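Inspection log for the structure reproduced underneath, given as structure tokens.
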2 protein chains.
Amino acid sequence: MSNDDDLLDAAFLALSDPVRRQLISRLSRGPATVNELAEPFAISKQAVSKHIQVLEQAQLVTRSRDAQRRPVHLNPARLEALTAWIDQYRLVREAQFRSLDAVLRTNTAPCGSSQKDRQ
Amino acid sequence: MSNDDDLLDAAFLALSDPVRRQLISRLSRGPATVNELAEPFAISKQAVSKHIQVLEQAQLVTRSRDAQRRPVHLNPARLEALTAWIDQYRLVREAQFRSLDAVLRTNTAPCGSSQKDRQ
DNA sequence: TTGTTTATCAACCATCTGGTTGATAACAAC
DNA sequence: GTTGTTATCAACCAGATGGTTGATAAACAA
């Protein structure tokens, strides 16, 4: 987990599983232990523990220590890094769509669906 | 690829690979064919074609037809769905952090690092 | 027709993923 | 000490993923 690319790999991979996304959802309402997190699921707590390790490696969550408990906390900063990556490309493309739209609207009149591929 | 959850699965999985993220990056500058997309990479174009199929299944890209070419287009709408999902939880948690911060700032004076786990 | 370009399909293979069960470690309470 | 709770580790397994090579199809150009 050295460079930035590996962190993005790990984070997106972590979010590609519905169980892990539900864990994120639960943690957005506050920290929780593995047992608490595992309770709503039909799978073993070992499996949940593995899921949490995946999230932890991606730095989407952190752990603390409270006797034998190891509460899991959400890390919003890492979530923000993901939206930042996505928006970097989404916004560029949407801006191009808007300007293309403006060109089509002013030059050619009818609102036909004739979009050329190579710009 | 029926429900919303499957689409999120597919989309986050699609972005968990550095090659596919670079494809997204390239496509944010405009449509391109498989051969054009494969050129910068050391892997075969069959491999790139597979990557594009993964992106297409996630509806992050679309294809069109231009003679024997099949140009690939970015789909910003799907990218936006991802940021929407992330922000849904990121913003909740950050808001909680801010209010906790405010409570700590007004009630207890010294800026020590004593955060309790269970809220 | 023949050839070229573009792109996918079909096998195949090594590795990773997500789940299981059983054993183990660390701590709390008695 | 013993018992119970919390959590991880280790080994295993079925299926998915990411890459390869070779064959094939589709749309042109000559």
Side-chain angles (χ1 to χ4, degrees), chain A residues 1-2 5-24 26-27 30-58 60-73 116-118, chain B residues 1-2 5-24 26-27 30-58 60-73 116-118:
Chain A
M1 206 60 47
S2 49
D5 231 41
D6 289 344
L7 256 183
L8 282 176
D9 282 12
F12 282 123
L13 181 65
L15 294 185
S16 73
D17 186 282
V19 170
R20 287 192 291 260
R21 283 202 305 279
Q22 281 190 255
L23 292 176
I24 293 282
R26 164 66 187 83
L27 290 172
T33 66
V34 172
N35 279 351
E36 290 165 355
L37 290 170
E39 196 272 325
F41 294 100
I43 59 179
S44 67
K45 66 185 165 65
Q46 285 95 329
V48 173
S49 186
K50 278 192 191 179
H51 279 303
I52 293 170
Q53 283 177 40
V54 172
L55 290 169
E56 194 178 11
Q57 245 198 336
L60 291 172
V61 305
T62 57
R63 317 289 303 261
S64 59
R65 171 65 79 176
D66 169 22
Q68 75 269 46
R69 292 155 187 268
R70 310 255 295 115
V72 186
H73 310 250
K116 269 318 273 182
D117 290 322
R118 344 254 332 232
Chain B
M1 202 61 48
S2 47
D5 231 39
D6 289 343
L7 256 182
L8 282 175
D9 283 11
F12 282 123
L13 181 66
L15 294 186
S16 72
D17 185 283
V19 170
R20 286 191 292 258
R21 283 203 304 280
Q22 282 189 255
L23 292 176
I24 293 282
R26 165 64 186 84
L27 290 172
T33 65
V34 172
N35 278 351
E36 288 165 356
L37 289 170
E39 194 271 325
F41 294 100
I43 61 179
S44 67
K45 67 185 164 66
Q46 284 96 328
V48 173
S49 186
K50 279 194 190 180
H51 279 304
I52 293 170
Q53 284 176 41
V54 172
L55 291 169
E56 195 178 8
Q57 244 197 338
L60 290 172
V61 304
T62 57
R63 318 289 303 262
S64 59
R65 170 65 78 178
D66 171 22
Q68 74 267 48
R69 292 154 188 270
R70 309 257 296 116
V72 185
H73 309 250
K116 268 320 272 182
D117 290 323
R118 344 250 339 223

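What you see is a predicted model, and the numbers here were worked out from it, not measured in a lab. We name chains A, B, ... by the order of the sequence lines, and we start the count at 1 in each one.
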Exercise. Measure the distance from CZ on A:Arg63 to P on C:dA26 and round it to the nearest whole Å.
Key: 16 Å
Quiz prompt | Length of the line joining B:His51:NE2 and C:dC9:C1', which is rounded to integer Å | solution = 17 Å
Quiz item: How many Å lie between CZ on A:Arg65 and P on C:dA25, as a whole number?
Solution: 15 Å
Quiz item: Between atom CD in A:Gln53 and atom P in D:dA7, what is the gap in whole Å?
Solution: 13 Å
Practice problem: Please state how far atom CG in B:Asp66 lies from atom P in C:dT6, giving the value in whole angstrom units. | Solution: 11 Å
Quiz prompt | Among C:dG19, C:dT6, D:dA7, the one nearest A:Val19 by side-chain distance | solution = C:dG19
Quiz prompt | Closest non-hydrogen atom pair between A:Leu23 and A:His51, with its separation | solution = CD1-CB, 3.9 Å
Quiz prompt | Residue whose nearest DNA chain C nucleotide is more 5′ - A:Arg20 or A:Ala67 | solution = A:Arg20
Self-check item: Proximal nucleotide (of D:dA7, D:dT20, C:dG19) relative to the B:Ser44 side chain
Solution: D:dT20
Quiz prompt | Exercise: identify the closest heavy-atom pair between A:Leu55 and A:Ala14 | solution = CD2-CB, 3.8 Å
Quiz item: Which one, D:dT20, C:dT20, C:dC27, comes nearest to the side chain of A:Gln68?
Solution: C:dC27
Exercise. Would you indicate, yes or no, if D:dT6 has its OP1 or OP2 atom less than 4.0 angstrom from a side-chain nitrogen or oxygen of A:Thr33?
Key: no
Quiz item: Out of C:dT21, D:dT6, C:dA7, which has the shortest distance to the side chain of A:Asn35?
Solution: D:dT6
Practice problem: Could you tell me whether the side chain of B:Glu39 and the main chain of B:Glu36 form a donor-acceptor pair under 3.5 Å? | Solution: no
Quiz item: Expressed in angstrom and rounded to an integer, what is the separation of A:Asp9 atom CG from C:dT17 atom C1'?
Solution: 15 Å
Practice problem: Nearest 0.5 Å please: distance from the CZ atom of B:Arg70 over to the OG atom of B:Ser64. | Solution: 8.0 Å
Practice problem: Ignoring the backbone of A:Lys45, work out which of D:dT8, C:dG18, D:dG18 is nearest its side chain. | Solution: D:dT8
Quiz item: Hey, does the side-chain of A:Gln46 have a donor or acceptor N/O within less than 3.5 Å of a partner on the base of C:dG22?
Solution: yes
Self-check item: Nearest-Å distance for atom pair CG/P, residues A:Leu15 and C:dG18
Solution: 12 Å
Practice problem: Tell me which nucleotide among C:dT8, C:dC27, D:dT17 gets nearest to the side chain of B:Val34. | Solution: C:dT8
Exercise. Round to a whole Å and report the spacing from CD1 of B:Ile43 to C1' of D:dG18.
Key: 8 Å
Quiz item: Between B:Asp17 and A:Asp9, which heavy-atom pair has the shortest distance, and what is it?
Solution: C-OD1, 4.2 Å
Quiz item: When you measure from the side chain of B:Lys50, which nucleotide among C:dA26, D:dT8, C:dA11 comes out closest?
Solution: C:dA11
